[in-house]
A.B. asks: 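Sharing a structure with you now.
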Amino acid sequence: MLRSRMNPRVFWGASLIIGALLAVAVAAPGASDRVFQAAQARVIGAFGWFYIAAVAGFLLTVIALALAPPAGCGSGRTTPSRTSRGCRGSPCCSPRAWASA
């Protein structure tokens, strides 16, 4: 598997929940649609504008992170030196990473 700091319990637990919800939605689309609409109506009714603002803020954060350059890699126009403080230990310092950009 990938070498990362992923917690397998969290990953497989979340995958199981997502898979179960997907299986229910595929098996019974009408019933799951009614359940999800009822849940959404209850959340919006209880939290109102705070819920809308929180979802909008989350989406804006995701879009900003998706459009932002990777941290420590610079603009890609110049290759940072190996002694560069912001690039030390970053995978973007390797020539292979710069060539793939």
A.B. asks: Could I get the full list of side-chain contact (heavy atoms from CB on, under 4.5 Å) partners for Phe47, not counting sequence neighbours?
C.D. replies: Val43, Tyr51
A.B. asks: Do Leu60 and Trp49 belong together in a cluster built from hydrophobic side chains that touch within less than 4.5 Å?
C.D. replies: no
A.B. asks: How close do Ser32 and Ala25 get, heavy atom to heavy atom, and via which atoms?
C.D. replies: OG-CA, 3.5 Å
A.B. asks: Kindly give the heavy-atom pair with the smallest separation between Val26 and Pro29, and that separation in Å.
C.D. replies: O-CD, 3.7 Å
A.B. asks: Quick one: list whatever passes side-chain contact (heavy atoms from CB on, under 4.5 Å) with Leu21, sequence neighbours left out.
C.D. replies: Ile17, Phe36
